[in-house]
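Predicted model only: the values in this text are computed from it and were never measured. One is the number of the first residue; the rest follow in order along the sequence. Ligands are counted one by one from 1 in listed order, and the atoms in each one are counted from 1 as well. Just so you know, these numbers use all the heavy atoms, side chains as well, and skip hydrogens, waters and symmetry mates.
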Amino acid sequence: MKSVWLQENKSHDVEEYLKHKKSIIVPIGSVEQHARHLPLGTDSMVAIKVAEEAAKQSGILVSPPLWLGWAPHHMAFPGTITLKPETLIELVYDVCKSLIYHGFEKIHIFNGHREANLPPLKIAATKLRNETGAYISILDPFYVAYEIGKEIKVSEPGGVGHAAEMETSHMLYIHPELCNLEEAVKNIQEKHRFLSHDPFVEGDTVFVPSDVALYREGALNIGVVGDPTVSTKENGEKYHKQLVENVVEFIHYCENEIEVDIRKKEIPL
Ligand SMILES: [Zn+2]
């Protein structure tokens with residue numbers, strides 16, 4: 001293939017690819033506020049970069065990136081665009097159904113938006129798996145790169161939230177030209193122990209959805225939750241490389257070990 005990106009190839013290139021390979025990565029993110037130091041497109045940019053490198057290393061294709069996700073709480077800040085969760089489920093469903101129709105059997109959804117996109121993505125993936133027989137995985141940095149995240153984290157508990165340590169370090173490595181670290185503000189607030197949202201702090205948790213106005217207030221009217229001030233390009237590089245390595249490891253495992261029996265192929269209508 002001339003490019004790992006599906007949209008940069010010709011239809012007959014894809015036809016040829018499908019004679020030998022059946023896997024593809026679908027990158028998805030979000031366009032939502034990321035405080036004053038990171039761009040709105042951060043989550044999608046992360047997904048695009050990780051998907052592209054993982055695809056190059058494993059020799060598989062990547063679908064056009066899905067730039068938008070589910071981000072209602074970030075609507076407190078201008079520039080954010082959110083899909084309804086039903087729209088996101090349908091979008092992912094239709095994209096994957098189209099790919100399955102052409103012969104793709106193993107679809108790896110790489111989610112740069114972390115936790116917020118997961119409920120709609122899991123619903124779409126479960127429907128697709130059961131209806132078509134295709135193998136669908138969802139790879140999310142918080143979970144697929146948990147070990148390295150925990151190892152390199154330097155902020156205090158509560159330091160990894162939104163536009164915080166981990167994604168700021170990551171962006172300093174992959175898109176330094178779009179970061180403005182001097183504008184980064186620390187925001188770690190005392191909360192009931194059940195309400196901590198730092199994924200690297202183990203403990204009992206309770207889920208309470210965000211309210212737009214309260215979210216804005218809690219994010220200091222800036223949009224940050226956690227501590228981006230300790231972020232470094234070096235840690236971003238370690239995080240990124242391990243993240244890509246883990247995604248590639250999983251793709252290889254699926255290529256070699258997973259048998260797929262497609263039951264149904266149909267055009268989304
Ligand atoms: Zn983000």
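- E165 and Y239 form no side-chain donor-acceptor contact under 3.5 Å, judged by distance and modelled atom types alone.
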### Message
salt bridge (Lys or Arg N to Asp or Glu O under 4.0 Å), that's the test. Do K127 and E90 meet it? Break it down for me.
### Response
CA-CA 10 Å; K127 282 172 179 255; E90 292 288 302; 5.4 Å; no
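- D43 contributes atom OD1 as its closest N/O/S atom to the Zn ion (ligand 1).
- You'll find the ring centres of H170 and H175 outside the 6.0 Å limit.
- Among the backbone and side-chain atoms of H162, none of the N, O or S atoms lies under 2.8 Å from the Zn ion (ligand 1).
- Taking backbone and side chain together, E167 holds an N, O or S atom under 2.8 Å from the Zn ion (ligand 1).
- With values rounded to the nearest 0.5 angstrom, E266 atom CD is found 4.0 Å from K264 atom NZ.
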